[in-house]
Colleague: 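Please see the structure below; I have some questions.
Both backbone and side-chain heavy atoms feed into the values below; hydrogens, waters and symmetry mates do not. Quantities reported herein were computed from a predicted structural model and do not represent experimental measurements.
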Amino acid sequence: MYTLISEASFDSAHFLAQYEGKCRNIHGHRWTIKVEIYGEELQENGSCRGMLVDFGDLKKCLKELADYYDHALIIEKNSMRELTLNALKEDEFKIIEVEFRPTAENFTKYFYNYFKGKGFLVKNIFVYETPNNCATYSEMM
């Protein structure tokens, strides 16, 4: 089995609504996404001969994802008062609303599905909130 691993980072803020602790306040992270893809066979023809996939293709998808979330406030839909949300948007802050609580655990599955949807055979996704703390998601046994 061959595996490739690539990673990218972005800076963003979030908060956890109805959380009993300091993470209920808006705070930032230097998030790191690490994607691990796999395959049993290397390509046999063309410019990617001897490769699982072109690292450039994997890095491009990863960079697009990291750039999208970079320097944004990521919030769970309906977790902020409409008045507050509208004021932030009116002041042209970059707000990204997601359908899930923005935890590292939820992001792992979300990013897993993103890469799977791009046609990659995903083995693992790692999401680091800090250099020492990460969550991982895999559908492999």
Colleague: Heavy atoms only: give me the nearest Ile33-Phe10 pair and the separation to one decimal.
Modeller: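 Shortest heavy-atom separation between Ile33 and Phe10 comes out as CD1-CE2, 3.7 Å.
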Colleague: Taking His14 for the side chain and Ile75 for the main chain, is one N or O donor matched with an acceptor at less than 3.5 Å?
Modeller: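 Pair absent, no side-chain N/O of His14 close to backbone of Ile75.
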Colleague: Which heavy-atom pair separates Asp54 from Cys48 by the least distance, and what is that distance?
Modeller: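 That would be CB-SG, 3.8 Å.
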Colleague: Under a 4.0 Å threshold between the charged nitrogen and the carboxylate oxygen, would Glu97 count as salt-bridged to Lys89?
Modeller: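 Here Lys89 pairs with Glu97 in a salt bridge, since their nearest N and O are under 4.0 Å apart.
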Colleague: Do Ser9 and Trp31 get their side chains close enough for a donor-acceptor pair, meaning under 3.5 Å?
Modeller: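 Result is no, nothing qualifies.
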Colleague: Side chain to side chain contact (heavy atoms under 4.5 Å, CB included) for Ile37 and Thr3? Distances and angles first, verdict last.
Modeller: CA-CA 5 Å; Ile37 64 169; Thr3 60; over 6 Å; no
Colleague: Consider only side-chain heavy atoms of I, L, V, M, F, W and Y, link residues closer than 4.5 Å, and tell whether Leu4 and Tyr137 are in one cluster.
Modeller: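 Yes: a chain of side-chain contacts under 4.5 Å links Leu4 to Tyr137.
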Colleague: What distance do Thr32 atom OG1 and Glu7 atom CD have between them, rounded to the nearest 0.5 Å?
Modeller: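 The CD atom of Glu7 is 6.0 Å from OG1 of Thr32, to the nearest 0.5 Å.
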Colleague: Would you sort out whether Phe126 and Thr108 count as a side chain to side chain contact (heavy atoms under 4.5 Å, CB included), showing the intermediate values?
Modeller: CA-CA 6 Å; Phe126 302 85; Thr108 58; over 6 Å; no
Colleague: If you count heavy atoms of other groups shown closer than 6.0 angstrom to CZ of Arg24, is the number above 12?
Modeller: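 No, because the 6.0 Å sphere around CZ of Arg24 holds 12 heavy atoms or fewer from other groups.
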Colleague: Measure across Lys94 and Asp70 and return the closest heavy-atom pair with its distance rounded to 0.1 Å.
Modeller: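 Looks like NZ-O, 3.0 Å.
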Colleague: Can you get from Val98 to Ile125 by hopping between Ile, Leu, Val, Met, Phe, Trp and Tyr side chains that sit under 4.5 Å apart?
Modeller: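 Same cluster: Val98 reaches Ile125 through Ile, Leu, Val, Met, Phe, Trp or Tyr contacts under 4.5 Å.
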Colleague: Can you see which heavy atom on Asn124 is nearest to which on Ser138, and at what distance?
Modeller: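 Looking at all heavy atoms of both residues, the closest pair is OD1-CB, 3.0 Å.
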Colleague: Please report the interatomic distance CD1(Ile74) to OH(Tyr68), rounded to the nearest 0.5 Å.
Modeller: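 One gets 9.0 Å once the value is rounded to the nearest 0.5 Å.
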Colleague: If you measure from NZ on Lys34 to OG1 on Thr136, what distance do you get to the nearest 0.5 Å?
Modeller: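 Spacing of NZ (Lys34) from OG1 (Thr136) equals 9.5 Å.
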Colleague: Under the criterion ring-ring contact (aromatic ring centres under 6.0 Å, His included), which of Tyr69, Tyr128, Tyr112 is the partner of Phe107?
Modeller: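 The passing option is Tyr69.
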Colleague: For the backbone of Glu129 and the side chain of Asn133, can you confirm whether one donor and one acceptor N or O come within less than 3.5 Å of each other?
Modeller: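 Pair absent, no side-chain N/O of Asn133 close to backbone of Glu129.
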Colleague: Asp91 side chain to Phe93 main-chain N or O, any donor-acceptor pair under 3.5 Å?
Modeller: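 Not a single qualifying donor-acceptor pair exists.
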Colleague: Would you say Leu65 and Val53 are hydrophobically clustered, going by side-chain heavy atoms of ILVMFWY under 4.5 Å?
Modeller: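 Yes: a chain of side-chain contacts under 4.5 Å links Leu65 to Val53.
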Colleague: Does CG in Asp11 sit with more than 12 non-hydrogen atoms of other residues, nucleotides or ligands closer than 6.0 Å?
Modeller: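 Yes, because the 6.0 Å sphere around CG of Asp11 holds more than 12 heavy atoms from other groups.
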Colleague: How far does OG1 of Thr103 sit from OH of Tyr110, to the nearest 0.5 angstrom?
Modeller: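 Going from the OG1 atom of Thr103 to the OH atom of Tyr110 covers 13.5 Å.
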Colleague: Determine, for Lys116 against Glu139, whether the closest basic-nitrogen to carboxylate-oxygen distance falls under 4.0 angstrom.
Modeller: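 A salt bridge links Lys116 with Glu139.
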Colleague: Walk me through whether Phe15 and Met80 qualify under side chain to side chain contact (heavy atoms under 4.5 Å, CB included).
Modeller: CA-CA 10 Å; Phe15 68 94; Met80 185 177 278; 3.5 Å; yes
Colleague: Using the test side-chain contact (heavy atoms from CB on, under 4.5 Å), find all partners of Tyr2 that sit at least two apart in sequence or belong to another chain.
Modeller: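 With sequence neighbours excluded, Tyr2 shows a side-chain contact (heavy atoms from CB on, under 4.5 Å) to Leu42, Leu52, given in chain and number order.
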Colleague: What distance do Asn86 atom CG and Ile95 atom CD1 have between them, rounded to the nearest 0.5 Å?
Modeller: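 Nearest 0.5 Å value for the CG-CD1 distance: 10.5 Å.
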Colleague: Look at the side-chain heavy atoms of Ile, Leu, Val, Met, Phe, Trp and Tyr, link any pair under 4.5 Å apart, and say whether Leu85 and Ile26 land in one connected group.
Modeller: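 Yes; Ile26 is reachable from Leu85 via cluster members.
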Colleague: Looking at every non-hydrogen atom in both residues, tell me the closest pair between Glu40 and Met1 and how far apart they are.
Modeller: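 Taking every non-hydrogen atom into account, CG-CE, 3.7 Å.
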Colleague: Using the salt bridge (charged side-chain N to carboxylate O under 4.0 Å, His left out) criterion, which residues pair with Glu36? Sequence neighbours excluded.
Modeller: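 Lys123.
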Colleague: Just verifying a value: how many Å separate Phe100 CZ and Lys77 NZ, rounded to the nearest 0.5 Å?
Modeller: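 Between atom CZ of Phe100 and atom NZ of Lys77 there are 11.0 Å.
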Colleague: Which atoms form the tightest heavy-atom contact between Tyr114 and Cys61, and what is the distance?
Modeller: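 In terms of heavy atoms, the two residues are closest at OH-O, 3.3 Å.
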Colleague: Could you check Phe111 against Val35 for side chain to side chain contact (heavy atoms under 4.5 Å, CB included), going step by step and ending with a plain yes or no?
Modeller: CA-CA 9 Å; Phe111 294 152; Val35 58; over 6 Å; no
